[in-house]
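Notes for the one structure printed next.
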Amino acid sequence: METVRRALEPRLQGRRFARVDQRRPDLRFPFPDDFVARLTGRTVETLRRRAKYLLLALDSDEVLVIHLGMSGRMILAGPDPDTKRQETANFHHQAGRADSAIGEAPHDHVVFDFDDGTRVVFNDHRRFGLMDLVGQDQLETHKLFVGLGPEPLGNAFSHVYLNDALRAKQTPIKAALLDQRVVAGIGNIYACEALHRSAISPKRLARTVPGVRAARLAPAVKSVLEDAIAAGGSSLRDYVQTDGSLGYFQHAFAVYDREGKPCQRPGCDGLIQRIVQSGRSTFYCGKCQR
DNA sequence: ACGAGAACCTGTTTGC
DNA sequence: TGCAAACAGGTTCTCG
């Protein structure tokens, strides 16, 4: 989501919603009342992110909250910000869409048109995504945000914090990392990668991690996320960046989706295993992760 | 109160 | 080849 935010920010900041086309009444939840009317004519002041939520602050003192769920995409089209000309055919080739088809593909649920001709299409075939409109001053108390843990890249997230947060947890550390109340914004891929990077078994109970392991884990979480953001994210299959190109971090996975392949830790000759924890796939090396 | 599993929904891949 | 089962990036609800 951070790479999505970074891609959208220069194109949307300061732009006004000229037209909003909401094609269905709900995603994971119903759209808020008067969704189109409350957006149309408003200007986007800032684009922020909290956990996996994108936050567009509007000049109406409301915030448009967007979550992409498992399969959501934000597809960007419109004037080229560098050349100030219309997008080239090459751009649309990359996006995999014919010019006239942008906003007309299956599962294009919302089309946002801005005053400068920029178009953003929200596409989500599984509809686990969501959108909401929330007053600026109600964000912190909103149902979606109460109880969220610290941002993993912020100063509040440290081994000191982890020591405290994990001490009473009976669940495996893998499940604890996915618990958004412990730390916000870690998904299945990055939980697996951070545990491998810190050489901690995903099966280890969270309460046994405080100490030397938490001191490795907190920096590992940060570095995995930093590396992934620098590489443009981890798009798999149809989950692509806003310009239609793929993120590159998936080429750097040490464990995720590498079942049966050799562990890449220097000096380790283990093979990557796949197990299921809390209904989610976990990939890890049973030899170097303890 | 906590943690595991099911549910939400559609599309793709895998296995018989 | 065809069909059914398994599986997929996330979150929330229910049940024990």
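Here is the naming used below: chain letters follow the sequence lines, and residue numbers restart at 1 for every chain. Bear in mind that the values here come from a model prediction, so they are computed numbers and not experimental data.
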Between atom [atom1] in [X] and atom [atom2] in [N], what is the gap in whole Å?
{"X": "A/His109", "N": "B/dC8", "atom1": "NE2", "atom2": "C1'", "value": "13 Å"}
{"X": "A/Phe145", "N": "C/dT11", "atom1": "CZ", "atom2": "P", "value": "11 Å"}
{"X": "A/His67", "N": "C/dT11", "atom1": "NE2", "atom2": "C1'", "value": "7 Å"}
{"X": "A/Met70", "N": "B/dC8", "atom1": "CE", "atom2": "C1'", "value": "11 Å"}
{"X": "A/His125", "N": "B/dT13", "atom1": "NE2", "atom2": "P", "value": "11 Å"}
{"X": "A/Leu68", "N": "B/dC8", "atom1": "CG", "atom2": "P", "value": "22 Å"}
{"X": "A/Arg127", "N": "C/dT12", "atom1": "CZ", "atom2": "P", "value": "18 Å"}

*Can we say A/Arg73 and A/Asp124 salt-bridge, meaning some charged N sits less than 4.0 Å from an Asp/Glu carboxylate O?*
no

*A/Arg6/A/Glu9 ion pair, N-O < 4.0 Å*: no

For nucleotides 14-16 of chain C, print each protein N/O atom paired with a nucleotide N/O atom at under 3.5 Å, atom names and distance only.
none

Could you tell me whether the phosphate oxygens of [N], OP1 or OP2, come under 4.0 Å of any side-chain nitrogen or oxygen in [X]?
{"X": "A/Lys52", "N": "C/dG9", "value": "no"}
{"X": "A/Ser71", "N": "C/dG10", "value": "no"}
{"X": "A/Tyr53", "N": "C/dT11", "value": "no"}
{"X": "A/Lys169", "N": "B/dC2", "value": "no"}
{"X": "A/Ser278", "N": "B/dG3", "value": "no"}
{"X": "A/Arg280", "N": "C/dC7", "value": "no"}

Under a plain distance cut-off of 3.5 Å, with no hydrogens placed, do [Y] and [X] share a side-chain donor-acceptor pair?
{"X": "A/Ser281", "Y": "A/Arg274", "value": "yes"}
{"X": "A/Ser201", "Y": "A/Gln289", "value": "no"}
{"X": "A/Arg15", "Y": "A/Thr43", "value": "no"}

_Stems involving DNA chain C, each a run of at least 3 consecutive Watson-Crick or G-U pairs under 3.5 Å_ = B:2-8 with C:10-16, B:10-16 with C:2-8

*Contacts to DNA chain C from residues 177-187 of chain A, heavy-atom cutoff under 4.0 Å, which residues?*
A/Gln180, A/Gly187

Between [X] and [Y], is there a shared hydrophobic cluster once you connect ILVMFWY residues whose side-chain heavy atoms come closer than 4.5 Å?
{"X": "A/Leu27", "Y": "A/Met1", "result": "yes"}
{"X": "A/Leu153", "Y": "A/Tyr161", "result": "yes"}
{"X": "A/Leu55", "Y": "A/Val120", "result": "no"}

Residues 144-152 of chain A side chain polar contacts: donor-acceptor under 3.5 Å, at least two apart:
{"from": "A/Glu151", "atom 1": "OE1", "to": "A/Arg49", "atom 2": "NH1", "distance (Å)": "2.9"}
{"from": "A/Glu151", "atom 1": "OE1", "to": "A/Arg49", "atom 2": "NH2", "distance (Å)": "3.3"}
{"from": "A/Glu151", "atom 1": "OE2", "to": "A/Arg50", "atom 2": "NH1", "distance (Å)": "2.9"}
{"from": "A/Glu151", "atom 1": "OE2", "to": "A/Ala51", "atom 2": "N", "distance (Å)": "2.7"}

*Taking the nucleotide of DNA chain C with the closest heavy atom to each, which residue, A/Arg126 or A/Lys143, is nearer the 5' end?*
A/Arg126

*Do the side chain of A/Arg280 and the main chain of A/Lys174 share a donor and acceptor less than 3.5 angstrom apart?*
no

*Assign each of A/Arg28 and A/His107 to its nearest nucleotide of DNA chain B by heavy atoms, then name whichever residue's nucleotide is nearer the 5' end.*
A/Arg28

*asked:* Side chain of A/Ser281, heavy atoms from C-beta onward: which of C/dG10, C/dA8, B/dG3 has the nearest atom to it?
replied: C/dA8

*Which other residues belong to the hydrophobic cluster containing A/Leu178, where Ile, Leu, Val, Met, Phe, Trp and Tyr are joined when side-chain heavy atoms lie under 4.5 Å apart, directly or via other members?*
none

*Describe the nucleic acid contact of A/Leu144 in one word from base, sugar-phosphate, nothing, applying a heavy-atom distance below 4.0 Å.*
sugar-phosphate

*Give the ring-plane orientation class for A/Tyr53 versus A/His67, where under 30° counts as parallel, over 60° as perpendicular and anything between as tilted.*
perpendicular

*Which residue pairs pass the side-chain hydrogen bond (donor to acceptor under 3.5 Å, both in side chains) test with at least one member in residues 126-136 of chain A, sequence neighbours excluded?*
A/Asp132-A/His142

Determine the interatomic distance between [atom1] on [N] and the same-named atom on [M]; round to the nearest Å.
{"N": "C/dA6", "M": "B/dA6", "atom1": "P", "answer": "12 Å"}
{"N": "B/dT14", "M": "C/dG9", "atom1": "P", "answer": "14 Å"}
{"N": "B/dC9", "M": "C/dC3", "atom1": "P", "answer": "25 Å"}

_With the criterion set at under 5.5 Å between ring centres and under 30 degrees between planes, would C/dT11 be stacked on A/Phe128?_
no

